[in-house]
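In this text, all values refer to a predicted model and were calculated from it rather than measured experimentally. Every chain is numbered from 1 and lettered A, B, ... according to where its sequence line falls, protein lines coming before strand lines.
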Protein chains: 2
Amino acid sequence: MRIAELSERSGVPIPTIKYYLREGLLPRGEATGRNQARYGNEHLSRLRLVRALTTVGGLSVATVREVLAEVGEPGVGLHSKLGLVMRRLPLVGDDIEPREEDRERARAFVTRRDWFFYPDHPALEALAVVLAGHREAGHPVTEADLDRYAESAEQIARVDLDRISGLPEAEDVLEGAVIKTVLGDTLLAVLRRLAQVDESAERNLDEAGRRAAREG
Amino acid sequence: MRIAELSERSGVPIPTIKYYLREGLLPRGEATGRNQARYGNEHLSRLRLVRALTTVGGLSVATVREVLAEVGEPGVGLHSKLGLVMRRLPLVGDDIEPREEDRERARAFVTRRDWFFYPDHPALEALAVVLAGHREAGHPVTEADLDRYAESAEQIARVDLDRISGLPEAEDVLEGAVIKTVLGDTLLAVLRRLAQVDESAERNLDEAGRRAAREG
DNA sequence: GATAGTGGATAGTGTTGGTATCCATAGTGG
DNA sequence: CCACTATGGATACCAACACTATCCACTATC
């Protein structure tokens, strides 16, 4: 297919597709002439992946490029490659510099939960940043809350790993893993909000109030 | 205190503070002269709140302004005000337009789980967007996965509501609720990633491998 | 052979989240 | 009292980001 069809089938405007080509997010099509190229289904699916990661996942173009580069590289095994990719997925901005006490708390937490961890994993630093953010905002997280959240996180991680390992043994396993992880963050945030609404109604409204609210 | 001290104690540069004043994220100090004003602790804590929401929570300046405006308005009760604020917290970009089938699935899901919901709540539309994102990326979410995540979301919401209702009855309850909700998204995402690392190691490494990995 | 479409390059745009500069005025050490 | 720094406030500027527009020589197609 040519660029017009690629655009039509993906819903992405042609100039944007050209932009992604320039930026290396989308491989060039197979050249058939000085100014003609053919794109295949792999381009279409790559394009959809890019859109999902940027729009729903909130990743920047630069991050998507890095992640895709890692996904595309041959060599290391699936498990360690997946680990490499995960490390790149951004969690927090770097505008807050945690104190050593926050880092210490993060390490103590994973140790206390007996979680396996890499001491240099960015998620560990990210935890320190989040703890610092709470602290600086005047609402520090308690150990107890951390633990209750951790319980849920463990459950969720089991679902995540099941979903990932359940992927068919194709070459786009990593792609699927990335999508499920990145979009999974958003999915969970949304479900959490919906569950909060329910729980809040449960606690604050009686049956009549619920019926009234539901009907506008 | 004057602006220099405010800057020093918050770590936010003076020009940025002036920017927040311009943008209405921070109320003006009490004027003591044509070009002098005094700031109090409430300014400092407001400033820290703004920073936490933008840097850790990832909220835009415009969103923070809207949320703060709502928090500051008197009138409606705490419960419904909190609901109003929550509706404003962004979950997904609006670049993806879900199909009616996605919306239908979102509604069916909350109904099936017997969750109380407002038909016009943005989180419901956000769920449709996320489902659409997965679908368009070629990795649709199964009902079973949705259900497993929902279980965890319910647990999490209980923790969230406990944390919020555990806040002391001060005037900044809403502020605390906002912080805990927004930063909570990030906190959970981080914990999830850490739990994934653990779960993945659990499944893929033997004891020797774990020891080796841990030691670099 | 006219017309529309293509790949590729280069330049421009709108938004966001700040910085920098300037000014008249206020506080402060000597 | 006077030099000097700091302040509040306004305005202008800036860098990054994610596109979008234009242009060109060329190709495909009707």
If pairing requires Watson-Crick or G-U wobble contacts with both distances under 3.5 Å, which nucleotide is the partner of D:dC14?
C:dG17

From C:dG7, D:dC19, C:dA26, nucleotide with atom closest to A:R22 side chain
D:dC19

Looking across every strand, which nucleic acid part, if any, lies under 4.0 Å from B:T54 by heavy atom: base, sugar-phosphate, or nothing?
nothing

Closer to the 5' end of DNA chain D via nearest nucleotide, is it B:D95 or B:R38?
B:R38

No-hydrogen, no-angle side-chain donor-acceptor test under 3.5 Å, B:R163 and A:Y149
yes

Can you see whether A:R65 engages A:Y20 through a side-chain donor-acceptor pair at a distance of less than 3.5 angstrom?
no

With both distances kept under 3.5 Å, what pairs with C:dG30, Watson-Crick or G-U wobble?
D:dC1

Using whole Å, report how far NZ of A:K18 lies from C1' of C:dG8.
7 Å

In whole angstroms, how far is the C1' atom of C:dA4 from the CD atom of A:E5?
17 Å

5′-ward residue of the pair B:P13/A:L21 relative to DNA chain C:
A:L21

In whole Å, what is the span from the CG atom of A:N35 to the C1' atom of D:dC23?
14 Å

Under a 4.5 Å cut-off applied to non-hydrogen side-chain atoms, are A:Q196 and B:T181 in contact?
yes

Going by heavy atoms in the side chains, are A:L127 and B:R193 under 4.5 Å from each other?
no

Which is true for B:A31 with a 4.0 Å heavy-atom rule: it touches a base, it touches only sugar-phosphate, or it touches nothing?
nothing

